[in-house]
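Shown next, in structure tokens, is the structure this report addresses.
We name chains A, B, ... by the order of the sequence lines, and we start the count at 1 in each one.
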Amino acid sequence: MHPAFSVIFFTVASGAGYGLFMLMVLARLFNAEGMNMGTMLSAGMLALVLISAGLLSSTFHLANPKNAWRAFFRFRTSWLSREGVFAVLFYPFALLYLLLLWVLDNQNSTIMSGIGVLALLLALATVFSTGMIYACLKTIRQWNTALTPANYLLIGLATGGVLLVMLIMMNGGRGSSVAWLAGTLLLIAGITKAVYYFWIRTVIGPSINTATGFTRAQVRLLDTGHTAGTFLTDEFGYQADPQLLDSLKYMVFIFGFFLPACFMAAVFAGAGGWGSALLAALCALGGIGVERWLFFAEARHVVNLYHGAQRT
Amino acid sequence: MKLGLVIDLDVCVGCHACAVSCKQWNTSGTTGPLTDYHPYGEDPSGVWFNRIRHYEVGDYPNNKTINFPMSCMHCEQADCVDVCPTGASYKRAEDGVVLIDQDKCMGCNYCSWACPYGARELDRESGTMKKCTLCIDRIYDERLDPVDRQPSCVITCPAHARHFGDFDDPDSPVSRLVRERAGYQLMPELGYHPANQYLPPRLTRPVPVEDVKGKSLIHSVRDWVNKAVVR
Ligand code: SF4
Ligand code: SF4
């Protein structure tokens with residue numbers, strides 16, 4: 001699949017934003033260290049900015065955005081529609097939560113916690129739907145797996161956790177308990193991503209033989225029937241150099257998971273300042289950006305079989 | 001009703017006439033125009049509902065060229081419809097034809113990702129998704145002669161490789177063709193249950209090649225001259 005920048009930015013930014021919001025509510029619920037007014041408000045704001053910027057950029061890949069408002073109407077069958085509905089429902093609860101927090105001056109309140117938990121569940125549903133948009137496609141075997149929504153959720157939470165630690169430190173806290181959580185999430189996210197990379201190596205699913213119905217002999221493409229590129233070759237024909245793909249995977253693990261996790265361990269042990277926390281957050285987001293690029297670049301749509309690929 | 005096409009791979013000669021007539025009819029049809037991008041430029045491209053590809057099956061000397069026309073299969077389990085968030089894509093209950101409402105589509109491309117058969121193409125000019133309508137604006141038009149109430153591609157095909165009809169009726173010509181000639185669906189393992197079916201080439205006697213004589217001197221000279229002369 002052609003990796004579109006707007007979709008990569010959308011999934012990384014909004015994933016981190018929802019992750020940040022979810023962990024913020026959770027940490028506040030358990031009265032974790034460092035969740036003072038400054039941390040709460042800055043985390044809420046940063047989460048909303050990331051989410052909104054992501055959602056906005058996702059509309060840039062629409063060819064006919066004037067009909068985008070219709071996208072909420074097929075909630076019953078379409079994960080894309082569900083994502084949109086959950087994303088919009090999240091806003092009033094998130095804003096109300098932050099408003100109550102400000103009005104109540106960060107005191108414990110059952111109503112505030114209840115609204116926070118609702119916002120958390122909607123954020124969870126949104127990120128899960130984002131993953132399912134890809135996972136439900138039978139046409140792309142690299143995506144059609146439960147690992148896809150798992151990756152989206154875990155990576156969103158992990159990057160959100162790194163951002164939360166950064167904000168806690170900026171607001172004068174130590175953040176060791178949240179750092180422990182974020183580090184654990186980074187570890188689990190990294191392991192599931194590794195499982196995913198091994199899993200997609202096994203070639204399964206349709207071949208050029210089942211695509212054409214000639215299963216008793218070798219099938220080769222003689223001619224695609226068109227002289228210039230088509231919508232299909234533009235959208236699905238993208239193929240990256242396999243060596244590049246492999247070396248980018250090292251980058252994903254080093255920058256996306258390993259370095260941020262090391263930093264979280266350092267914070268847990270009581271070391272590090274907010275400057276290095278910022279560095280860790282940028283490093284994690286960059287690494288996850290590469291991960292998302294790979295997610296698209298490695299996906300091979302079955303229509304490529306009709307254009308001569310023997311397997312996807 | 002379950003309307004669809006049967007395509008006979010035994011007789012398709014790969015002339016692309018069906019694709020051209022499809023383009024001609026549908027560019028002024030319900031989902032028209034089928035926009036062309038730089039039609040007089042170096043790399044002319046554009047929207048087509050029907051594309052013909054060419055394959056070689058088997059290894060020489062037991063090989064065969066197969067011409068392979070493909071358009072929307074009007075699948076029974078049409079995931080392209082399920083994934084559409086706007087409701088622009090829909091499947092008609094009465095005859096199973098899958099259509100796109102051009103006034104509702106937001107051009108997100110999601111349905112084209114869900115289609116295994118490459119049937120959907122985005123029109124970059126209008127920003128909407130387009131695909132085969134099974135000539136919905138022909139097959140029910142009572143002002144046309146009954147013989148003309150068929151998709152344009154079916155009427156045009158000079159080899160009679162294309163047939164249109166109702167698969168729900170076991171006595172329709174298309175159902176009979178599928179039964180008698182072992183018609184099959186493409187990529188059945190994905191579970192889309194496409195309505196369109198393909199008839200495999202008939203088994204024929206192999207043409208002996210051992211006794212074919214080598215080229216005579218005069219033929220070699222003529223071939224060489226033909227290559228040397230710039231046309
Ligand atoms: S061929 Fe593609 S566009 Fe047509 S109904 Fe099937 S999935 Fe949908
Ligand atoms: S491109 Fe149009 S028809 Fe296709 S899924 Fe998007 S809104 Fe629906």
Side-chain angles (χ1 to χ4, degrees), chain A residues 1 59 61-84 133-134 136-140 205-206 208-214 216-232 234-236 301-308, chain B residues 9 14 16 19 37 42-48 51-59 62-63 65-66 68 70 79 81-88 103-110 112-118 120-124 126-128 184-192 198 200:
Chain A
M1 296 289 289
T59 58
H61 90 287
L62 300 181
N64 193 19
K66 73 173 193 301
N67 275 344
W69 60 276
R70 292 184 185 272
F72 305 116
F73 293 157
R74 280 294 180 275
F75 184 83
R76 217 170 44 78
T77 62
S78 168
W79 282 106
L80 185 52
S81 196
R82 289 172 195 158
E83 183 201 44
I133 289 175
Y134 305 104
C136 75
L137 295 172
K138 300 186 199 91
T139 46
I140 300 171
I208 193 171
N209 302 91
T210 62
T212 56
F214 297 104
R216 284 184 284 188
Q218 172 110 50
V219 179
R220 277 172 294 259
L221 177 77
L222 290 178
D223 196 292
T224 51
H226 47 75
T227 50
T230 69
F231 169 75
L232 298 173
D234 289 352
E235 186 78 1
F236 304 115
H301 193 283
V302 288
V303 80
N304 287 301
L305 299 172
Y306 293 108
H307 291 151
Chain B
L9 298 178
H16 293 238
Y37 315 127
E42 228 168 71
D43 285 327
S45 177
V47 181
W48 293 75
R51 290 187 181 272
I52 295 91
R53 298 167 182 118
H54 310 270
Y55 302 94
E56 179 188 30
V57 176
D59 300 311
N62 302 307
N63 56 344
T65 300
I66 303 285
F68 212 90
M70 287 178 71
D79 275 17
V81 172
D82 288 348
V83 302
C84 175
T86 61
D103 293 334
K104 288 188 183 164
C105 175
M106 65 174 185
C108 64
N109 285 355
Y110 194 23
S112 72
W113 295 10
C115 172
Y117 307 109
R120 292 175 168 249
E121 302 195 8
L122 184 85
D123 185 332
R124 285 207 293 268
S126 68
T128 52
Y184 64 90
Q185 301 166 325
L186 307 184
M187 271 193 279
E189 67 273 33
L190 289 189
Y192 283 62
Y198 288 76

Heavy-atom cut-off 4.5 Å, strictly under: side chain, backbone, both or neither for [X] against chain B?
| X | answer |
| --- | --- |
| L62(A) | both |
| E83(A) | neither |
| L80(A) | both |
| D234(A) | side chain |
| H226(A) | side chain |
| F75(A) | neither |
| T224(A) | backbone |
| T59(A) | neither |

Which of the residues [options] is involved in the greatest number of heavy-atom pairs with chain B at under 4.5 angstrom?
| options | answer |
| --- | --- |
| W69(A), W79(A), F231(A) | F231(A) |
| P65(A), G205(A), S81(A), A217(A) | S81(A) |
| T139(A), N209(A), V219(A) | T139(A) |
| F214(A), F236(A), F72(A), F73(A) | F214(A) |
| L232(A), T212(A), V302(A), T230(A) | T212(A) |

Quick one: what part of [X] sits under 4.5 Å from any heavy atom of chain A, side chain, backbone, both or neither?
| X | answer |
| --- | --- |
| Y37(B) | neither |
| I52(B) | backbone |
| Y198(B) | neither |
| C84(B) | backbone |
| S112(B) | both |
| D82(B) | both |
| D103(B) | backbone |
| E189(B) | side chain |
| R120(B) | backbone |

Polar side-chain atom of [X] near backbone of [Y] as donor-acceptor pair, under 3.5 Å:
| X | Y | result |
| --- | --- | --- |
| D43(B) | T227(A) | no |
| T86(B) | A71(A) | no |
| Y117(B) | L186(B) | yes |
| D79(B) | L137(A) | no |
| N63(B) | V57(B) | no |
| R82(A) | R74(A) | no |

Under a 4.5 Å cutoff for heavy-atom pairs, which residue among [options] has the most contacts with chain A?
| options | value |
| --- | --- |
| V47(B), T65(B), L9(B), D59(B) | D59(B) |
| G14(B), P200(B), S126(B), A114(B) | A114(B) |
| T128(B), V83(B), V81(B), D123(B) | V83(B) |

#### Entry: Which atom of C108(B) lies closest to which atom of H61(A), heavy atoms considered
O-NE2, 3.6 Å
### Query
P116(B) and Y192(B): which non-hydrogen atoms are nearest, and at how many Å?
CD-CE2, 3.5 Å
Just so I know, are the side chains of [X] and [Y] near enough to count as touching, which here means a heavy-atom distance under 4.5 Å?
| X | Y | result |
| --- | --- | --- |
| W113(B) | M1(A) | yes |
| R53(B) | H307(A) | yes |
| K138(A) | M187(B) | no |
| Y55(B) | L221(A) | yes |

So, taking the atom named [atom1] in [X] and the one named [atom2] in [Y], what distance separates them when rounded to the nearest 0.5 Å?
| X | Y | atom1 | atom2 | answer |
| --- | --- | --- | --- | --- |
| H54(B) | D223(A) | NE2 | CG | 5.0 Å |
| H16(B) | R51(B) | NE2 | CZ | 10.5 Å |
| H301(A) | I140(A) | NE2 | CD1 | 5.0 Å |

